[in-house]
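Worksheet: one structure, shown below.
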Amino acid sequence: MALRWYSVVVETTRPRELAAWWGEALGWEQVYAADDEVVIIPPWATELSQQLPFHRQPPGLVFVLVEHEKATKNRLHLDLAPHTSDDRDAEIERLLRLGATRADVGQTDDVSWTVLADPDGNEFCVLSSRDR
């Protein structure tokens, strides 16, 4: 039997603010909030939770309070992809307006993705458009 990917945990000194940023960026909703932890999930996860078996339910993002700031490059990051019907450059601009910044993690100029960082400095990539 395989394990279910339950969540990705993001350490932050500002769980509420960072969860709100990612919720806006992804269109996800907050399902739990405390001073030291906030959970967001895709809205369709709630809609389908009673219909999907345990192992097929999607993971969420959990933001937990830590006392230290981010100090080095992530060793794990999220890859996000717009649909082929979406304007990738407009999506990148939207993320930048929300507070993301461009990040240099050593990528070359000829890569097909754009590296950004969230307001806490956590790197993530926006890939070329995908249809799946």
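Screening residues 55-72 for salt bridge (Lys or Arg N to Asp or Glu O under 4.0 Å) gives K70-E123 as the qualifying pairs, with residues at least two apart or on separate chains. Among residue pairs with one or both ends in residues 36-51, none qualify as salt bridge (Lys or Arg N to Asp or Glu O under 4.0 Å); sequence neighbours excluded.
Hydrophobic cluster membership of V66, counting Ile, Leu, Val, Met, Phe, Trp and Tyr whose side-chain heavy atoms lie under 4.5 Å apart directly or via other members: none, as it forms a cluster of its own. Here L26 is tied into one hydrophobic group with W5, V8, V10, L18, W21, W22, W28, I40, L61, F63, L78, L80, I92, L95, L96, L98, L116, F124, V126, each link being a pair of ILVMFWY side chains closer than 4.5 Å. Counting Ile, Leu, Val, Met, Phe, Trp and Tyr side chains that sit under 4.5 Å apart, directly or through other members, W44 shares a hydrophobic cluster with L48, L52.
A side-chain donor-acceptor contact under 3.5 Å links Q107 to the backbone of A103. With hydrogens and angles ignored, the 3.5 Å screen pairs no side-chain donor or acceptor of R88 with any backbone N or O of H83. N74 places no side-chain N or O within donor-acceptor distance of the main-chain N or O of H77, the cut-off being under 3.5 Å.
Listed by chain and number, the residues in a salt bridge (charged side-chain N to carboxylate O under 4.0 Å, His left out) with R14 are D120 (sequence neighbours excluded). Judged as a salt bridge (charged side-chain N to carboxylate O under 4.0 Å, His left out), and not counting sequence neighbours, E11 has no contacts. Residues satisfying the side chain to side chain contact (heavy atoms under 4.5 Å, CB included) criterion with T101, sequence neighbours excluded, are A117. Applying the side-chain hydrogen bond (donor to acceptor under 3.5 Å, both in side chains) criterion to T72, with sequence neighbours excluded, gives no partner residue. The side-chain hydrogen bond (donor to acceptor under 3.5 Å, both in side chains) check on R130 picks up nothing, with sequence neighbours excluded. For D35, the salt bridge (charged side-chain N to carboxylate O under 4.0 Å, His left out) partners two or more places apart in sequence, or in a different chain, are R16. R102 meets the salt bridge (charged side-chain N to carboxylate O under 4.0 Å, His left out) test with E93; sequence neighbours excluded.
In this structure, CD1 on I41 lies 7.5 Å from OG on S49, to the nearest 0.5 angstrom.
The two residues H55 and R4 come nearest to each other via the heavy atoms CD2-N, 4.1 Å. Annotation for P15 and V64: closest pair CG-C, 4.3 Å, computed over non-hydrogen atoms. Residues P58 and A45 come closest through the heavy atom pair CG-CB, 3.5 Å.
Following chains of ILVMFWY side-chain contacts shorter than 4.5 Å, one can reach Y32 starting from V9, so the two form part of one hydrophobic cluster.
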Test log, rule side chain to side chain contact (heavy atoms under 4.5 Å, CB included), inputs Q30 and V38: CA-CA 7 Å; Q30 180 179 294; V38 179; 3.6 Å; yes
